[in-house]
Structure formats: C-alpha cells, structure tokens
> 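Encoded as structure tokens, here's the structure I'll be asking about.
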Amino acid sequence: MRRQKKNAFWIALAAPGIIWLIVLFIVPFYAVLAIAMGKLDQLFESPVAVWNPFAWSSENLIDVWRDLFGSAAFAGPILLRTVVYVAIASLLSLAIGYPAAYFVARFAGRRKGLFLVLMVAPFWISYMMRMLAWVDLLQTDGYANKALSWFGISAVNWLGGKPVTVILGLVYGYIPYLILVLYAGLDRIDPALIEAGRDLGLGRVRTFMRITLPLSRQPILTGLLITVLPMLGDYYTNNLLSGAASTSMIGNLIQGQLGTPGLEGQGAVLSMLLLLVLLIPMIYYVIATNRSSQAAS
Amino acid sequence: MAHPREGWQGHGAPRKLTRRSFLGRSAGAALALGSLPLLDACASALAGTGSVPLPRPDNPVKWPVFTGNEAIKTGMPREEGATLQVYNWVAYVNQDVVNSFAKKYKCKVEVTTFNTMDEALSKLRSGLQFDVLMGATVDVLGQLIESKLVQPLNHSYVPNITQAWSDFTNPFYDQGWQYTVPYTIYTTGISWRKDLVHENPYTMSNPWAMPWQPKYKGRVAILDDYREGISLGLMKNGIFNLNTTDYRQINAARQALQDLTSLVNVRIDNNDYTEVPTGDTWIHHAWSGDMAAAASYMPKGVNVDVVGYWFPADGRGPVANDTNVVLRSATNPVLAHEYLNYFLDLPNVIENISFNGYMQPLTGVTPQVLVKEQILPPSLLSTIVLPSYFRRGVAELQLPVDVDALWQQAWLVVSNGI
C-alpha cells in the first residue's frame with residue numbers, strides 16, 4: 001500500500017513534464033508528420049495536414065528521396081556541404097573549447113566562478129543578436145578589417161559568401177554550449193586519480209593522455225552532441241554571415257521549402273529525415289552513456 | 001477584349017497531373033522528342049488553380065461578387081471609438097500617417113505585420129481577423145477573392161481614387177477596381193556603386209548581364225525572390241516574357257543563375273537598400289523603392305550620388321504594384337474604406353513615401369515633387385515609376401500551379417548553390 005502511494009507520488013511529480021512533452025513535442029511532431037504525408041491545397045498551394053495515417057500519401061517522401069538521391073538530385077551536395085561544415089566547426093570548437101574548459105576546471109582556482117560567469121555570458125544575448133553583431137564587425141569598413149589594416153593587410157570581404165565565415169560563425173555561436181559541458185565533466189574528475197598517475201611516474205603529457213583524456217571522453221561526446229545537433233539544422237548563421245548560394249546548408253534548403261508555396265510538404269519530409277539522421281548519434285550517446293555507467297559501477 | 005470569364009473552370013475540378021509528375025513528364029517528353037514542349041497549353045487556358053483565372057494585360061479579369069459577400073451599403077455611419085486592425089508587410093507604412101489617420105477619425109489603429117504573402121494568406125485563412133490588408137500583391141488576388149477573404153469595395157467611400165493614375169481605376173487584374181485600390185508601385189532593376197564599378201549599365205548592350213562579371217566576385221547580389229531571380233536569368237538571356245511557361249527558357253534562366261554563382265559567388269538577399277550604400281555589395285539586383293531610400297543608409301562622409309539605379313529607359317523591365325483591400329472579416333468596414341481613401345490623398349501619400357521609399361501612383365506624385373520635398377535625391381530619379389512603364393513594362397503575374405512549380409524548383413536549385 002505504502003509502495004503504491006510512493007509510486008503515485010512520483011507519477012504525479014512527473015506528470016507536468018510528461019504533459020509538457022506530449023503537448024509541446026509529440027503533438028507538433030505529429031503535425032509535421034501529417035503535413036509531410038499530407039496533400040496540397042490547389043487554390044492556395046498550401047499544405048493540407050492529413051491526420052489519418054491510413055490516408056497518408058507518400059508523394060512528398062518520394063519527391064524528397066529523388067531530390068536527395070535521384071538521377072537529377074540537387075539536395076545531395078547540400079547535405080554533403082552541411083556535414084563538412086558541421087564536422088569542421090565541431091572539431092574547431094573542440095580544439096578551442098577543450099583547453100578553455102580544462103583551464104577553468106583545473107587551474108582557475110578561486111577565480112573559477114568568474115570564468116564560469118564569463119563562459120555563460122554569451123547566453124545572455126540571443127544567438128541572432130550575436131550574429132548580427134558579427135555582421136557589423138565583419139563588414140568592409142568594420143572593426144575586423146580596420147584591425148587587419150594596422151598590420152598592413154588589405155580588407156577582406158568576409159561577408160562575401162565565404163565558407164570560412166560561416167564555419168567560424170557556427171563555432172562562435174555554439175562553442176559556449178560545448179565549453180560548459182566539458183567544464184562540468186572535467187571538473188568532476190577526481191584529482192586523486194591524476195595525482196596517482198603523477199606519483200606512479202607519468203609526466204604531465206602522459207598523465208593527460210592516459211588519465212584525463214579517457215575520463216573526459218563522455219563529456220566530449222555529450223558536448224559534441226549538444227553542438228552538432230543545432231549546427232546541422234542551423235540556417236540563419238549562413239543567412240546572416242554569407243547569404244551566398246554556395247554556402248547554403250540543409251537548414252537553408254528546409255527553410256526555402258517551408259517558405260515556398262507548394263513545397264512545404266517536402267520541407268516537412270526533409271525535417272523528419274534530418275531528425276531521423278540526428279537520432280543516430282543520440283542513440284549512440286545513450287548506449288555509450290549506459291556502457292560508461294555500467295563500467296563505473 | 002476577352003470576356004473576363006474566359007478560361008474559368010468549374011470549382012474543384014480534379015487535377016490530371018500532380019506537380020511532380022507534371023515536371024517529370026515535361027522533362028521526359030522533352031528528352032524523348034529532342035525538343036521540349038511548350039507548356040503554353042496551360043497558359044492558354046489562363047487558369048491558375050483549376051478554378052481561378054489568371055489576369056493578364058491582354059486578358060483582364062472582372063471578378064465576381066459572391067452572394068453573401070457584397071459591398072457595404074452607401075451612407076453608413078462611421079464606426080465610433082473603433083480600433084482599426086491593419087495587416088501589412090513589415091515597415092511598409094509610415095506610422096506618422098497611420099497616427100494622423102487615427103487622430104482625424106478619432107479611432108485607434110493597430111498595425112500587425114507579416115513577412116511574406118504566403119504567411120499573410122495562411123494567417124488570414126486560419127481565421128485571424130483584420131479590417132484592412134495593405135500591400136496585397138496582384139498575384140494572390142484570385143486566391144483572396146475566390147476564398148472570399150476580401151470584400152468588394154463601395155466606391156462612394158473612396159472618392160480619392162480620382163487622384164490615382166487612370167490605369168488603376170480599371171486595372172487588368174481587377175476590372176472596375178471592385179476589390180482593390182493601388183498602394184505602392186515599383187520597378188526591378190540593377191543598383192550599383194558608381195565609384196567602385198567601372199561599367200555604366202546605361203551604356204552596356206545588355207545591362208541585365210551586368211552581374212555576370214567575375215572581376216566583381218563576392219560583390220554581387222541578387223534578390224531573394226523566386227520570381228525576381230528567375231526573371232533576371234530570363235532577361236539576361238533576352239527573354240522578356242516573365243510569365244513564361246516554356247521549360248527550356250526556365251531551365252536556361254536557372255543555368256544562367258548557376259553560372260552567376262560560379263562566376264561571382266553571388267549572394268542572395270533583399271538587403272539592396274543597405275548593402276549598396278555601405279559598399280558591401282557593388283552590384284545588386286534591386287527594387288526601385290528600396291534604392292529610393294538609399295540616402296538614409298549612406299555611411300558617414302559618403303555621398304548618395306555614388307549609388308546608381310538602372311531601369312531600362314524604354315520602360316521594358318519588371319514593373320509591379322501592390323494593392324490595398326478591405327477584408328471580409330472587417331468589423332469596421334466603413335472606417336476601413338476611409339483608411340484606403342486616406343492613403344490615396346496626396347499629402348498623406350507624400351508623407352508615406354518619405355518613410356518607405358516606395359512610390360504610389362497618384363497624379364500629384366511627380367519627380368519634381370519628390371525632389372522638391374527632398375524625398376528623392378536627383379541622382380536616383382531613375383527609381384521613379386512612370387505611368388508608361390505599366391504599358392511598356394513586363395509584369396510578373398500569377399502562374400498556372402504546375403508551371404509555378406517549375407519556377408520554384410529552379411529557384412531552389414539556384415538558391416542552394418548547386
């Protein structure tokens with residue numbers, strides 16, 4: 001009886017979260033699915049959601065499949081470009097973020113709080129505002145080019161559709177997420193383990209390679225997951241910092257389809273496919289976390 | 001003159017082909033036969049969605065007035081203490097003019113904005129209620145009228161229509177101005193920085209090809225609009241039917257734009273009004289109304305004279321107008337009519353143009369007035385739209401659904417840099 005009451009208490013406690021999930025995730029998800037498998041209003045060229053799964057049409061799905069992999073596929077290269085941009089941006093984020101997080105976790109001492117505040121500070125400003133600030137900084141007569149001119153370097157057309165600008169924009173936009181996750185993971189590493197390594201005769205580098213790095217594998221995985229997922233669906237970094245067709249990403253394609261009368265259904269399918277692709281690293285993450293927990297216990 | 005009802009089909013007529021199968025079959029047939037079939041069969045019927053006619057200058061349309069959606073009666077009293085709900089594009093009206101209307105008619109006016117016509121249509125269809133829709137484009141009038149989202153006008157409440165150009169008292173897209181009054185007018189041309197670009201489009205043999213110059217790589221942009229974009233490709237290729245249904249022409253335009261990406265890494269955006277003045281872009285496919293406002297965006301110390309806007313001197317280029325309509329859901333229809341009337345009165349129109357740069361087709365809005373009122377710098381007189389442009393110019397009008405899909409698909413490929 002007491003056990004039943006206890007269970008009911010926990011269910012009641014979880015209820016708001018579950019209701020929240022149903023209302024704000026499952027219902028919208030099903031709405032997207034109903035549009036993806038739905039029809040087209042002939043008068044307005046707008047999508048008509050079909051809620052009954054038995055009446056679903058596969059037309060949009062087939063169209064998107066052809067766009068991605070058919071003989072006249074045009075979306076395939078965009079997908080490839082997106083993967084390349086995100087991979088480079090993620091690796092750069094890791095290369096920049098890991099040392100920063102490592103420093104704060106291991107060497108910041110009493111100033112740890114200050115550094116944490118500095119790391120969280122970018123979250124106080126919206127992503128779009130930060131990108132718009134970069135537009136000002138990077139324009140022809142912006143501060144970036146003025147700074148270059150001090151060294152005799154001629155002005156660079158940063159906003160002229162350069163992949164490097166988009167990639168660096170992605171790095172700048174998402175790196176705080178990575179650093180915070182890495183910091184949380186690195187801070188939890190028991191210093192005694194590192195000291196033990198040093199006591200057993202390992203140098204600084206080998207201690208890092210044999211103890212710290214293996215123990216930070218899980219935070220790295222989590223951090224990358226948290227940054228890669230939004231990067232893959234990002235569209236406004238490219239919109240604001242490039243705007244060139246040659247740097248368009250899959251998010252831009254989806255945005256284009258969703259904003260084009262008659263193509264919203266295909267945009268919905270592409271969104272669903274992207275979600276399915278993103279599920280792969282998420283499932284891997286869950287498995288890896290479980291394995292790690294089991295190994296620890 | 002053709003009867004406006006020509007080309008109409010029964011409501012809800014079943015479609016014989018899906019959009020994609022139509023595309024596939026057109027392309028397939030073309031490959032098989034060695035020459036692509038003109039899709040003019042679609043256009044000849046001038047039926048867009050199977051039930052809505054496609055207005056054309058040579059096929060003007062008089063829209064029906066549906067039972068239960070008639071115009072309001074003459075002589076009705078104005079709604080007292082009302083709040084007029086206006087639905088408009090972002091930054092497409094001078095708030096000072098809106099406020100002066102509210103003051104004069106002792107009412108409140110709330111302006112809600114949208115970003116695309118598609119968004120506006122979706123929200124109106126979802127049941128959002130407004131009194132006035134400002135800036136309705138000509139290509140969606142059929143949809144608005146057919147779905148009874150707008151109400152016919154009672155002309156007795158809009159006496160200021162006499163101030164408008166005569167072309168707009170009987171436009172081909174709404175014979176007898178039953179549902180619409182004109183709002184803004186604009187051309188699409190090429191804007192460039194005279195101090196950074198050596199060529200002058202006025203002396204070029206094909207100014208529409210001006211963006212195709214590799215030496216300006218990274219400094220060229222085109223408008224982010226599938227009709228404007230593909231139309232630029234068409235005109236570069238010497239095609240001036242901007243409602244073409246010919247697959248070959250659309251395909252060639254797409255290829256031209258893809259070549260443009262390869263040549264100059266073209267940017268696709270609608271920031272012509274800021275990018276050219278700041279010098280971030282040197283050649284921009286542009287709208288006249290945007291460039292008319294260039295002076296407001298010039299960096300400190302740079303004179304607006306360095307900004308140029310080219311539109312064919314003979315008027316043979318894209319020209320368009322937006323309209324204002326009273327929505328059927330209007331709870332203040334009399335006030336809504338008076339609002340439309342207010343935006344056809346010269347002093348208000350001049351003040352409105354001073355904010356958004358887009359001209360309105362009133363006989364009193366002349367180049368001399370715009371320069372005298374310091375709304376337009378003399379160096380940008382080319383942004384002025386003349387009545388003759390609507391006779392000689394080319395308009396991007398509503399396309400048959402399946403042909404529209406061809407244009408959209410071509411643009412998706414261009415805008416994603418394939």
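Proteins come first, then strands; the chains are lettered A, B, ... in the order of their sequence lines, and each starts at number 1.
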> Taking the side chain as every heavy atom from C-beta outward, state whether B:K236 and B:L257 have any pair of such atoms under 4.5 Å apart.
no
> Should A:E59 and A:K39 count as an ion pair when the cut-off is N to O under 4.0 Å?
no
> Kindly indicate whether a cation-pi arrangement holds for B:R227 with B:W407, taking the cut-offs as under 6.0 Å to the six-membered ring centre and within 45° of the axis.
yes
> Go through the atoms of B:N265 and report whether side chain, backbone, both or neither lie under 4.5 Å from a heavy atom of chain A.
both
> Among B:E119, B:R125, B:M117, which residue forms the greatest number of heavy-atom pairs with chain A at distances under 4.5 Å?
B:R125
> Between B:Y179 and B:W63, is the ring-ring contact (aromatic ring centres under 6.0 Å, His included) condition met? List the steps.
CA-CA 8 Å; B:Y179 286 89; B:W63 299 102; 7.6 Å; no
> Is it the side chain or the backbone of A:S242 that comes within 4.5 Å of chain B heavy atoms, both, or neither?
backbone
> Using non-hydrogen atoms only, which part of B:I268 is less than 4.5 Å away from chain A: side chain, backbone, both, or neither?
both
> Flag the one option from B:G279, B:S122, B:S147 with the top tally of heavy-atom pairs under 4.5 Å to chain A.
B:S147
> Is A:D141 close to A:Q139 at the side-chain level, that is, under 4.5 Å between some pair of heavy atoms?
yes
> Parallel, tilted or perpendicular, judged at 30° and 60°: which one describes the rings of A:Y172 and A:W134?
perpendicular
> Side chain from CB out, backbone as N, CA, C, O: work out which of these in B:L260 comes under 4.5 Å of a heavy atom of chain A, or both, or neither.
neither
> In terms of heavy-atom proximity below 4.5 Å to chain B, should A:Q255 be classed as side chain, backbone, both, or neither?
neither
> Which atoms of A:N60 come close to chain B, meaning under 4.5 Å heavy atom to heavy atom: side chain ones, backbone ones, both, or neither?
neither
